[in-house]
Number of protein chains: 2
Amino acid sequence: MAEESANPERISEAEQAVMEALWARSPLTANEVADAVAPARGWTLATVKTLLSRLVAKQAVQTAPDGKRFLYSPRVARVDFATGESKRLVDRLFGGSAAGLFAHLADAEALTDKDLTQIEALLKELRK
Amino acid sequence: MAEESANPERISEAEQAVMEALWARSPLTANEVADAVAPARGWTLATVKTLLSRLVAKQAVQTAPDGKRFLYSPRVARVDFATGESKRLVDRLFGGSAAGLFAHLADAEALTDKDLTQIEALLKELRK
DNA sequence: TGTAATCGACTACGGTTGTAATCTTGAACC
DNA sequence: GGTTCAAGATTACAACCGTAGTCGATTACA
């Protein structure tokens, strides 16, 4: 089997902001990532570069040389990241029960009518 | 209004383990907390004491003197903690849409049949 | 060809986290 | 009353995180 992504090192919150830019569009240069991300977070270019380096070190991002600079692209899919984080939450807080999470959100009135309608529709779909 | 818990400082993962012990039963002495959590995590008593101190500093735990020692009890409810963490996740990953999280879990096949049945039942209940 | 701009690499630094040892103080025991 | 024990307080320290400045090399322009 092809080189399985060995260790999914954790992506921090600031790092995630960088990933979001790359998930939205890639490959990007460091400058393009900064343009996409820095203003909203009040970051300098240097900060974005540091985060990119760390993400490369964590093997969450890969680089391809393009002349004198690099083009960055995600190495982990957003879907996988989301799954990992979601499962972590469900495990840590609800003993692994996704239904527990759902019940909790309902209890906390964190579900909008729209949420309920959409979930209902999804359930129907799943049951088909 | 009665002294609102000013700043819900973040509780780290190790700290959560300590909180779990206190959420399960409280008040407890530091030793009792250690008995409850240290073995499973391979911690020494000193580690548990450090975590308790930090939790007190973060105002997540309160103390009551009991002779020469303290009795510790949670100051934040588990429910509130869970709600906060869950919302954070939903915001960070699914643009605030709980249905988005649910759809994602479904997609990732992270929902068991049991989950589905329970969620269905909950939905029916909510719709009543 | 010398100089300026650009880019990634390296360094920095305070805060948090994980993990723990040591210090201090008060109580209990002999 | 001096010694030992238990408990919290203080200190430690490496890794990680947020945020950024500086360095060295390469490129491009004058």
Undergrad: Taking OP1 and OP2 of dG18(C), is either one under 4.0 Å from a side-chain nitrogen or oxygen of Thr47(B)?
TA: no
Undergrad: If you check every side-chain atom of Glu15(B), which of dG8(C), dC17(D), dT17(C) has the closest atom?
TA: dT17(C)
Undergrad: What is the distance from CG of Leu51(B) to P of dA21(C), rounded to the nearest Å?
TA: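 So the two atoms are 14 Å apart, to the nearest Å.
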Undergrad: From the options dT17(C), dG21(D), dC17(D), select the nucleotide whose nearest atom is closest to the side chain of Ser12(A).
TA: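 For Ser12(A), the side-chain atoms sit closest to dC17(D).
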Undergrad: Strictly by Watson-Crick or wobble contacts shorter than 3.5 Å, is anything paired with dA30(D), and which nucleotide is it?
TA: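 Check on dA30(D): paired to dT1(C), both distances under 3.5 Å.
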Undergrad: Confirm from the modelled atom types if Thr50(B) and dA20(C) form a donor-acceptor pair under 3.5 Å, side chain to base only.
TA: yes
Undergrad: Give the C-alpha distance, both sets of side-chain angles, the deciding distance and a yes or no for side-chain contact (heavy atoms from CB on, under 4.5 Å) between Phe81(A) and Trp23(A).
TA: CA-CA 11 Å; Phe81(A) 175 70; Trp23(A) 281 324; 3.6 Å; yes
Undergrad: In whole Å, what is the span from the CG atom of Asp66(B) to the P atom of dA7(D)?
TA: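 Rounding to the nearest Å, CG of Asp66(B) and P of dA7(D) are 11 Å apart.
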Undergrad: Quiz question: going by heavy-atom distance under 3.5 Å, is there a donor-acceptor pair between the base of dA6(D) and the side chain of Lys68(B)?
TA: yes
Undergrad: Distance from Leu55(B) atom CG to Ser12(B) atom OG, nearest 0.5 Å?
TA: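 Spacing of CG (Leu55(B)) from OG (Ser12(B)) equals 7.5 Å.
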Undergrad: Are side-chain N/O atoms of Asp80(B) and Thr83(B) paired as donor and acceptor at under 3.5 Å?
TA: no
Undergrad: Specify the separation, in whole Å, of atom CD of Glu13(A) and atom P of dC16(D).
TA: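 Glu13(A) atom CD is separated from dC16(D) atom P by 18 Å.
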Undergrad: Ala46(B) near the nucleic acid: base, sugar-phosphate alone, or nothing, with a heavy-atom cut-off under 4.0 Å?
TA: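 It contacts base atoms.
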Undergrad: Considering only NZ, NE, NH1 and NH2 on the basic side and carboxylate oxygens on the acidic side, decide whether Glu13(A) and Arg41(A) come within less than 4.0 Å.
TA: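 Salt bridge between Glu13(A) and Arg41(A), a charged N being under 4.0 Å from a carboxylate O: no.
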Undergrad: Could you tell me how far apart Arg10(A) (CZ) and dA15(D) (P) are, to the nearest whole angstrom?
TA: 19 Å
Undergrad: Rounded to the Å, how far apart are Leu52(A) CG and dA9(C) P?
TA: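 Checked: the CG to P distance equals 10 Å.
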Undergrad: Report the distance from atom CZ of Phe70(A) to atom P of dT26(D), rounded to the nearest whole Å.
TA: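 It is 12 Å, rounded to the nearest whole Å.
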Undergrad: Can Glu15(B) and Arg10(B) be counted as an ion pair, charged N to O under 4.0 angstrom?
TA: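 No, no charged N to carboxylate O under 4.0 Å.
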Undergrad: Please tell me which of the listed nucleotides, dC17(D), dG8(C), dG8(D), lies nearest to the side chain of Arg69(B)?
TA: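 My answer, after comparing the listed nucleotides, is dG8(D).
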Undergrad: Go through dT19(D), dA20(C), dA6(D) for me and flag the one nearest to the Arg54(A) side chain.
TA: dT19(D)
Undergrad: Rounded to the nearest Å, what distance is computed from the CG atom of residue Leu45(B) to the C1' atom of nucleotide dA20(C)?
TA: 11 Å
Undergrad: Is any side-chain N or O of Asn31(B) closer than 4.0 Å to OP1 or OP2 of dA6(D)?
TA: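 False: Asn31(B) side-chain N/O out of range (4.0 Å or more) of dA6(D) OP1/OP2.
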Undergrad: Roughly how many Å is it from CE in Met19(A) to P in dC17(D), rounded to a whole number?
TA: 14 Å
Undergrad: Name the residue closer to the 5' end of DNA chain D, choosing between Ile11(A) and Thr44(A) according to the nucleotide with the nearest heavy atom.
TA: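 Taking each residue's closest nucleotide, the earlier one in sequence belongs to Ile11(A).
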Undergrad: From the set dG8(C), dA20(C), dA20(D), return the single nucleotide nearest to any side-chain atom of Lys49(A).
TA: dG8(C)
Undergrad: Does a salt bridge link Arg25(A) with Glu20(A), judged by any charged N lying under 4.0 Å from a carboxylate O?
TA: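 Salt bridge between Arg25(A) and Glu20(A), a charged N being under 4.0 Å from a carboxylate O: no.
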Undergrad: Identify which nucleotide among dA9(C), dA20(D), dT10(D) has an atom closest to any side-chain atom of Ser53(A), counting heavy atoms from C-beta outward.
TA: dA9(C)
